Chemist: 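Have a look at this one before I ask anything.
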There are 2 protein chains.
Amino acid sequence: MLKLSTKGQYGVRAMFEIARGYNLGPITIKQISENQDVSVSYLEQILNQLRKAGIIKSVKGPGGGYVLARSPEEISIGAILRELEGPVAITSCLDPKEGCMRVEGCVTHLLWKSLGEKIETFLDNMTLDDLLKGSGFVEITRAGRRNKKGNDKAVAAG
Amino acid sequence: MLKLSTKGQYGVRAMFEIARGYNLGPITIKQISENQDVSVSYLEQILNQLRKAGIIKSVKGPGGGYVLARSPEEISIGAILRELEGPVAITSCLDPKEGCMRVEGCVTHLLWKSLGEKIETFLDNMTLDDLLKGSGFVEITRAGRRNKKGNDKAVAAG
DNA sequence: AAATACTTGACAGGATTAGTAGACTATTTT
DNA sequence: AAAATAGTCTACTAATCCTGTCAAGTATTT
């Protein structure tokens, strides 16, 4: 129960990839796709949505790709998911778009509302930076990140 | 995001109805259906599942219906939902039935696991009794509960 | 001008949800 | 025994949402 769709999951993983190289310039969709094992086409949809929301920025042309719009500690998982999946709404009753008839009779209203708030608090307090730290990842080089096309010597040598 | 299906929602509301009259004998599916505005056919499915799980008991024949198998403070919302919707599993990765490939690479694994645990704790600590108390419902009479067929005099008089 | 990379919208197969229908079994009352 | 009440079980379906794919286009850099 209470599953998150793959869109949200992939979105967070993609954001993680972008955050990894925060100070190394843009990362391409293709790179993200390869590192996180998600199709380029699907990522296009997801990243486009995040770009429109101002969470990431895109750079066109050769050498282009995606970059965080703010630093990793300023981007919460909650913000990412809210953009891709709408607000937490355990019941459609609690979705701001729909509203609740039977307001009086709905004994469980408070229950779901309360749970939803707990979840949002959790997600809003968790940032990409927390994710980076939790991943056991310390630092990477550009070569290290873009090492799929046989130029991984830099890594092996390092 | 993180919606609960109607099955789970209806299940909790049905359980609330049964809990309401805990010491007044069985309540019929029809009663629950009318009070909570859910079709009898759909409730049959839901209640049957809960009965098989030993959360409620059924009594056949006239005067029959459903009763809680334990007292309201012994039945958690978590137990009800887990029965109807399976365990909390934000990602299928965390579903005990499926298991996780890419265990190493999945940086978000810990995030979802941690959130899932928070949710389960919340749901397991919330009981039907809490719901009853929160509903502003103090006490009802049998006549009060079964008042659809014109015998609500007892309530008006009381 | 060519190469690279992002942008956008349409579309489709499959899974899940939400609910209906109908025939059956068990128990109590008359 | 028969009738009435009430739960049991299985199959089926319509609709919705998820999970992507595809293709044609626009923008930027070299």
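So that the names make sense, note that chain A is the first sequence line, chain B the second, and so on, each numbered from 1. Only heavy atoms go into these numbers, but all of them, side chains included; no hydrogens, no water, no symmetry mates. Just so it is clear, the structure is predicted and the values come from calculations on it, not from any experiment.
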Chemist: Calculate the interatomic distance between B:I46 atom CD1 and C:dT20 atom P; express it in whole Å.
Modeler: 11 Å
Chemist: Is a side-chain N or O of B:E85 found less than 3.5 angstrom from the main chain of B:G8, in a donor-acceptor match?
Modeler: yes
Chemist: Does a side-chain N or O of A:S39 approach OP1 or OP2 of D:dT19 to a distance below 4.0 Å, or not?
Modeler: no
Chemist: Measure the distance from CG on B:L50 to P on D:dG7 and round it to the nearest whole Å.
Modeler: 14 Å
Chemist: Quickly work out the A:K7 NZ to D:dT21 P distance and round it to whole Å.
Modeler: 14 Å
Chemist: When you match A:V59 and A:Y42 each to their closest nucleotide on DNA chain D, which lands nearer the 5' end?
Modeler: A:Y42
Chemist: Test your reading of the model: is there a side-chain donor-acceptor pair from A:R51 to the backbone of A:I56, 3.5 Å cut-off?
Modeler: no
Chemist: Could you tell me whether a side-chain N or O of A:Q9 sits under 3.5 Å from a main-chain N or O of A:L4, the two making a donor and an acceptor?
Modeler: yes
Chemist: Any donor and acceptor pair, going by atom type alone, linking the side chain of B:Q49 with main-chain N or O of B:E83 inside 3.5 Å?
Modeler: yes
Chemist: Going by the ring pair (Phe, Tyr, Trp, His ring centres under 6.0 Å) test, which pairs reach into residues 56-90 of chain A, not counting sequence neighbours?
Modeler: none
Chemist: Looking at D:dT19, I'd like to know if its phosphate oxygens (OP1 or OP2) sit under 4.0 Å from a side-chain N or O belonging to A:S5.
Modeler: yes
Chemist: Can you measure B:L84 atom CG to C:dT16 atom C1' for me and round it to whole angstrom units?
Modeler: 16 Å
Chemist: When rounded to the nearest 0.5 angstrom, what is the spacing between CG in B:L2 and OG in A:S5?
Modeler: 9.5 Å
Chemist: Starting at CD of B:Q49 and ending at C1' of C:dA18, how long is that distance when rounded to a whole Å?
Modeler: 14 Å
Chemist: Quick one: B:I32 CD1 to D:dG7 C1', roughly how many Å, whole number?
Modeler: 12 Å
Chemist: One character per nucleotide, please: for nucleotides 7-15 of chain C, 5' to 3', B when the base has a protein heavy atom closer than 4.0 Å, S when only the sugar-phosphate does, - otherwise.
Modeler: BB-B-----
Chemist: To the nearest angstrom, how far is B:K30 atom NZ from D:dA4 atom C1'?
Modeler: 13 Å
Chemist: Nearest whole angstrom, please: distance from the C1' of D:dG20 to the CD of A:Q9.
Modeler: 14 Å
Chemist: Name all residues meeting the side chain to side chain donor-acceptor pair (under 3.5 Å) criterion together with B:T127; count only those two or more places apart in sequence or in a different chain, and write none if there are none.
Modeler: B:D130
Chemist: Would you say A:Y10 reaches D:dT19's phosphate, i.e. side-chain N/O to OP1/OP2 under 4.0 Å?
Modeler: no
